[in-house]
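Labels below follow one simple rule: chain letters A, B, ... track the order of the sequence lines, proteins then strands, and each chain is numbered from 1. From a predicted model like this one, the values you see are computed outputs, not experimental measurements.
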Amino acid sequence: MSSVRPVAQTTHPEPEKLALLIDQSKNIKHLKQIHALLLRRGLESYPVLNLKLQRSYSSLGYVQNSVALFNLTQNPDVFFYTAIIRGHAINGLHERALNFYVQMLIEEIEPNAFTLSTVLKACCTLETGKALHCHAHKFGLVSDSYVRTALIDIYARGGDIVLARRLFDSMVERNLVTFTSMITGYAKNGNVDEARELFDGMEERDVVSWNVMIDGYAQHGRPNEAIVLFRQMMKAKLKPDEATMVAVLSACGQVGALGSGQWIHSYLGYRATFNCRVGTALIDMYSKCASLEDARKVFDGIKDKDAVVYNAMIGGYAIHGFSQDAMKLFKEMPEVGLHPTDITFISVLSACAHAGLISESWGLFNAMKDEYGIQPKVEHYGCMVNLLGRAGRLEEAYELVKSMSIGADSVLWGALLNACRLHKNIALGEKVVQFLLQRGLAHSGTYVLLSNIYAAAGNWDGVARTRAMMKQSGVQKEPGCSSVEVNNKVHEFLAGDTKHPKSKDIYAMLEEMSKWLKAHRHASQTEEVLHNMDDEAEKERSLKVHSEKLALAFALISTKRGTTIKIVKNLRVCPDCHAVMKLVSKITGRKIVMRDRNRFHHCVDGMCSCGDYW
DNA sequence: GGGCAGCGCG
């Protein structure tokens, strides 16, 4: 190498060339090499190159390196400030990003539209958003489309969807991104239909707009519409990306659409390995579609698993009641250098709850607080209440709920009520419902559970009163809906449904099932029939057409002998249907796997994996 | 010399 510097310098790459090299560096090693080269040539503080270095370090996640360079910069201008704010914002260091913005204002450097849209990215609260909105006015940036898009985003995510829409409507030029931003706002806020209206009105859509809409359906209880929209996307010849797949897989898991989920798996190419995001989505889908072995295969194939991947697999074991496997994976986490998260604890605690492991649960619950420094959330309490309730320790469960410093939600109260139902404890059930009514927290599930508690104890007065309360408050029972997938198509059934094309055959099968059940001396478990029917025969008739039984009958006539039957129900399975599933599994020799709102039931040869507690 | 939107786990 020549040691004659002046000569060498003229033959070295020009700054423009170096700038390009920085932009093109794909990893930290690369970048550091170029940085070293700049240092050797005394070009480190050459403004353009310095700026580019900072940006590249930040985008590779090395914000500290950017900060070090920033601190060496003499009189950083608006470009440098914007870069350092952005570096922190994209790496989730929101508070520090805001601090740099404040520092910039103190230095009396005026932010431009780039700065403002960047700092808006780091703004987490509605209050900060409003303050920045004022700044936008002050600096005359409020009509800039990037600033405005960011503002729409902030307001929509902060829950002020009306204001977000007002900003959107007042924009002179709205583009694909603005629309997508507004649609995202609606979707995240649960206004899926408004989102769809905007989506349908768009002149052009890209993969992101489709993804947002599909995910909006998937995350707001409308998984079937998510799958339908995905098919339309494919028809429109748009190439789905990873985000599309993650959203659709979530939807497949929710409805138990194993066939569709497998199709996506094959579209992704049945690779031996997936990244964490796609891998997690596949694990979740397979777990919820009762294919735990496939979930595990995907899990094993993921290299560099993160905690989220573990959470998904542990959660899979948990809903199937495989507590030992869940615990085993949980114990493996520290061994591979992963820290359990709050979600991990929800999964292991629910696994323990399903298996009735009381001392283990208390141990985990306390360790979570004391050793891992994770504050229990309402969901963690929910697991404990489920567990204690199932074990009949109702007062202990009630005391736990009352002792909480955070507010209990309707799911937690529901867990307590379910325990009252299981142990026929009317007194506590009434107390809880009274409590909920006073605070306006009662919803349809509350009433149904209370009614079930009365019915279980044969208290028909109580049932009638509950019915009257429901009517008075205008609450309607969420209709039970069961689905079963046959030939990649999800068939849905409501109670007493006659809309299915094969309805006649289904009802014939139900008659046949009745005969089997009679022969096996099955006594209908009418205790939880909601209505006060005087006639026992009438109660039986209403039980016979429960949605899960229709789904079972349809599966029996339309699937091959010996194959596993998989049913998904949106509510908790009713006791009579549960008993029937077990019996039918024995009579037909088929495995019946049913997922209800809470967990999986694997019925084999007359026994259920839940041990008859759910 | 710079900027905006989408994904997972109970």
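Using a 4.0 Å heavy-atom distance criterion, A:Asp241 is classed as a base contact. Residue contacts for A:Asp144: at a heavy-atom cut-off of 4.0 Å it reaches a base atom on one of the strands shown. Within 4.0 Å (heavy atoms only), A:Thr149 reaches at least one base atom of the nucleic acid. Within the nucleic acid shown, A:Asn175 has no heavy atom closer than 4.0 Å to any nucleic acid atom. Residue A:Lys121 is classed as a sugar-phosphate contact, given heavy-atom separations below 4.0 Å to backbone atoms only. No contact: A:Arg148 has no heavy atom under 4.0 Å from any strand. Base contact: A:Val177 has a heavy atom under 4.0 Å from a base atom. Within 4.0 Å (heavy atoms only), A:Asp77 reaches at least one base atom of the nucleic acid. Backbone-only contact: A:Lys188 has heavy atoms under 4.0 Å from sugar-phosphate atoms and none from a base. A:Arg157 comes within 4.0 angstrom of sugar-phosphate atoms only, judged by non-hydrogen atoms across all strands, and of no base. A:Asp206 comes within 4.0 angstrom of a base, heavy atoms only.
Atom CG of A:Asp304 has 12 or fewer neighbouring heavy atoms from other residues, nucleotides or ligands inside a 6.0 Å radius. Crowding of A:Glu197 atom CD: a count of heavy atoms from other residues, nucleotides or ligands under 6.0 Å not exceeding 12. Atom OH of A:Tyr46 sits in a sparse spot, with 12 or fewer heavy atoms from other residues, nucleotides or ligands closer than 6.0 Å.
Checking B:dG2, B:dG6, B:dG8 against the side-chain heavy atoms of A:Arg55 singles out B:dG2 as nearest. Of the candidate nucleotides B:dG1, B:dC9, B:dA5, B:dA5 has the atom nearest to the side chain of A:Thr180. The side chain of A:Val246 lies closest to B:dC7 when the candidates are B:dC7, B:dG6, B:dG1. Of the candidates B:dG6, B:dG3, B:dC9, the closest approach to any side-chain atom of A:Ala243 belongs to B:dG6. Proximity note for A:Val207 (side chain, C-beta onward) versus B:dG1, B:dG6, B:dC4: the nearest is B:dG6.
Atom CG in A:Asn112 sits roughly 14 Å away from atom C1' in B:dC4 (whole-Å rounding). At whole-Å resolution of the value, CE in A:Met245 and P in B:dC7 are 17 Å apart. Between A:Leu120 atom CG and B:dA5 atom P there is a gap of 11 Å when expressed in whole angstrom units. At whole-Å resolution of the value, NZ in A:Lys239 and P in B:dC7 are 20 Å apart. With rounding to whole Å, A:Leu132 atom CG is found 15 Å from B:dC4 atom C1'. Rounded to whole Å, atom P of B:dG1 lies 10 Å from atom OH of A:Tyr46. Counting to the nearest Å, the P atom of B:dG2 and the NE2 atom of A:His88 are 21 Å from each other. Between the P atom of B:dG8 and the CD1 atom of A:Ile214 lies a distance of 13 Å, rounded to the nearest Å.
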Walk me through it: do A:Asp284 and A:Ser287 pass the test side chain to side chain donor-acceptor pair (under 3.5 Å)? CA-CA 5 Å; A:Asp284 183 55; A:Ser287 304; 5.7 Å; no
Side chain to side chain donor-acceptor pair (under 3.5 Å) assessment of A:Thr341 paired with A:Thr344: CA-CA 5 Å; A:Thr341 69; A:Thr344 318; 3.2 Å; yes
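The six-membered or imidazole ring of A:His354 lies away from that of A:Phe322, with a centre-to-centre distance of 6.0 Å or more. Annotation: A:Phe70 is in aromatic contact with A:Phe100 [ring centroid separation under 6.0 Å]. Proximity of the aromatic rings of A:Phe365 and A:Phe345 is defined here by a centroid distance below 6.0 angstrom, and this criterion is not met.
Here the options are A:Tyr286, A:Tyr310, A:Tyr317, A:Phe274, the test is ring pair (Phe, Tyr, Trp, His ring centres under 6.0 Å), and the partner is A:Phe299; only A:Tyr310 passes.
Ring planes of A:His602 and A:Phe600: tilted class, angle from 30 to 60°.
A salt bridge links A:Asp193 to A:Arg222: at least one charged side-chain nitrogen sits closer than 4.0 Å to a carboxylate oxygen.
Near DNA chain B, meaning a heavy atom under 4.0 Å away, the residues from residues 218-229 of chain A are A:Gln219. Within a heavy-atom distance below 4.0 Å of DNA chain B, the residues of residues 302-311 of chain A found are A:Asp306, A:Val308, A:Asn311.
An OP1 or OP2 oxygen of B:dC4 is reached within less than 4.0 angstrom by a side-chain nitrogen or oxygen of A:Arg86.
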